[in-house]
J.: 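Starting off with a structure, shown below.
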Amino acid sequence: MKKDQIKEGRISNHSRGLGTVTQEMVLARAREIALINGRSPHHLSPADVAEAKRELTGEEYQEPAEERLPTSERWDPEPGSIPHEAIVTPAHDEQTDAERLVEEGISEAEHEQMVEGTRESLRREK
């Protein structure tokens with residue numbers, strides 16, 4: 001992602017306006033992710049919850065800071081801070097809202113197909 005672009009959170013979820021992302025919404029999404037990945041939706045992993053939160057809020061995955069450091073610097077007893085440029089937040093562009101809605105709709109449809117496909121295959125196995 002370029003430094004002058006900020007990805008905003010989702011606008012809709014299951015064809016409904018999303019509004020503020022709640023813990024219940026994150027957990028529901030995490031259950032769907034666990035189901036798609038072949039695990040019980042009743043036993044969520046921290047990764048399921050983190051992925052659900054990223055999907056709903058529009059956050060990007062960032063590897064832990066210690067993994068971004070070169071191996072030679074990971075055990076430095078007094079590491080220095082790494083300089084970085086501040087992120088510039090551009091003004092909101094309303095013209096892109098329709099494009100985001102379409103992209104989210106496609107993504108949501110794919111997600112729903114995976115959930116239903118997994119549920120159907122589980123029904124057939126029984």
Side-chain angles (χ1 to χ4, degrees):
M1 178 183 296
K2 294 180 183 175
K3 65 183 175 188
D4 60 342
Q5 294 177 339
I6 302 265
K7 183 175 180 182
E8 297 178 6
R10 294 183 59 95
I11 295 174
S12 67
N13 186 30
H14 297 285
S15 302
R16 292 185 301 265
L18 192 60
T20 302
V21 176
T22 64
Q23 184 67 19
E24 292 80 24
M25 295 164 70
V26 172
L27 291 175
R29 188 65 166 210
R31 285 185 203 99
E32 292 174 348
I33 291 168
L35 179 67
I36 289 170
N37 292 328
R39 294 186 313 279
S40 169
H42 303 292
H43 297 91
L44 301 177
S45 72
D48 294 332
V49 176
E51 182 178 344
K53 184 177 179 185
R54 279 193 306 274
E55 284 183 11
L56 293 173
T57 61
E59 294 176 7
E60 285 196 9
Y61 175 75
Q62 293 184 357
E63 58 188 348
E66 62 272 4
E67 291 182 16
R68 288 182 288 203
L69 289 173
T71 307
S72 62
E73 295 179 23
R74 289 186 189 177
W75 296 102
D76 187 2
E78 295 181 28
S81 64
I82 301 171
H84 63 280
E85 202 171 312
I87 298 173
V88 177
T89 306
H92 180 72
D93 183 5
E94 294 176 3
Q95 294 178 347
T96 61
D97 287 345
E99 293 172 9
R100 285 182 50 220
L101 279 170
V102 170
E103 290 171 4
E104 287 179 13
I106 291 169
S107 175
E108 193 63 39
E110 290 172 349
H111 178 82
E112 285 298 315
Q113 286 178 341
M114 288 188 286
V115 169
E116 284 303 313
T118 303
R119 286 182 179 151
E120 183 63 31
S121 67
L122 289 174
R123 276 184 238 141
R124 285 187 206 147
E125 289 177 6
K126 288 182 181 182

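This one's a predicted model, so the numbers in the text were calculated from it and none came from an experiment.
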J.: Which pairs with one or both residues in residues 35-48 pass salt bridge (Lys or Arg N to Asp or Glu O under 4.0 Å), sequence neighbours excluded?
T.: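 Checked against salt bridge (Lys or Arg N to Asp or Glu O under 4.0 Å) - neighbours excluded - the pairs reaching residues 35-48 are Arg39-Asp48.
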J.: Ala30 and Ala52: which non-hydrogen atoms are nearest, and at how many Å?
T.: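 That would be N-CB, 3.5 Å.
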J.: Going by the rule side-chain hydrogen bond (donor to acceptor under 3.5 Å, both in side chains), which residues pair with Glu116 if we only count those two or more places apart in sequence or in a different chain?
T.: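 Partners of Glu116 by the side-chain hydrogen bond (donor to acceptor under 3.5 Å, both in side chains) criterion, ordered by chain and then number, come out as Arg119.
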J.: Which residues, ordered by chain and number, are linked to Ile106 in its hydrophobic cluster, where ILVMFWY side chains connect at heavy-atom gaps below 4.5 Å, directly or through other members?
T.: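 Via sub-4.5 Å side-chain contacts, Ile106 links to Val102.
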J.: For the residue pair Glu32 and Glu112, establish whether any side-chain heavy-atom pair is separated by less than 4.5 Å.
T.: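 Yes, side chains in contact.
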J.: Taking the hydrophobic residues Ile, Leu, Val, Met, Phe, Trp and Tyr, and joining any pair whose side-chain heavy atoms are under 4.5 Å apart, which ones share a cluster with Ile33?
T.: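 In the cluster with Ile33 there is nothing else; it is isolated.
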J.: Taking the side chain as every heavy atom from C-beta outward, state whether Leu35 and Arg31 have any pair of such atoms under 4.5 Å apart.
T.: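 When only atoms from C-beta onward are counted, Arg31 and Leu35 do not touch, as no gap falls below 4.5 Å.
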J.: About how many Å separate CG of Leu44 and CD of Glu51, when rounded to the nearest 0.5 Å?
T.: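 These two atoms lie 12.0 Å from each other.
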J.: What are the two closest heavy atoms between Ser40 and Ala34, and how far apart are they?
T.: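 Closest approach of Ser40 to Ala34, heavy atoms only: O-CB, 3.9 Å.
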J.: Taking side-chain contact (heavy atoms from CB on, under 4.5 Å) as the test, write out the residues that go with Glu99, two or more places apart.
T.: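 Scan of Glu99 (side-chain contact (heavy atoms from CB on, under 4.5 Å), adjacent residues dropped) gives Thr96.
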J.: Inspect the contact between Glu120 and Arg123 and indicate whether a charged nitrogen and a carboxylate oxygen are less than 4.0 angstrom apart.
T.: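 Judged by the 4.0 Å cut-off on N to carboxylate O distance, Arg123 and Glu120 do form a salt bridge.
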J.: What's the spacing between Leu101 CG and Glu108 CD if we round to 0.5 Å?
T.: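 If I round to the nearest 0.5 Å, the distance is 12.0 Å.
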J.: Holding to side-chain hydrogen bond (donor to acceptor under 3.5 Å, both in side chains), I want the full list of residues that pass it with Thr118, two or more places apart in sequence or in another chain.
T.: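 Result, side-chain hydrogen bond (donor to acceptor under 3.5 Å, both in side chains) vs Thr118: none returned.
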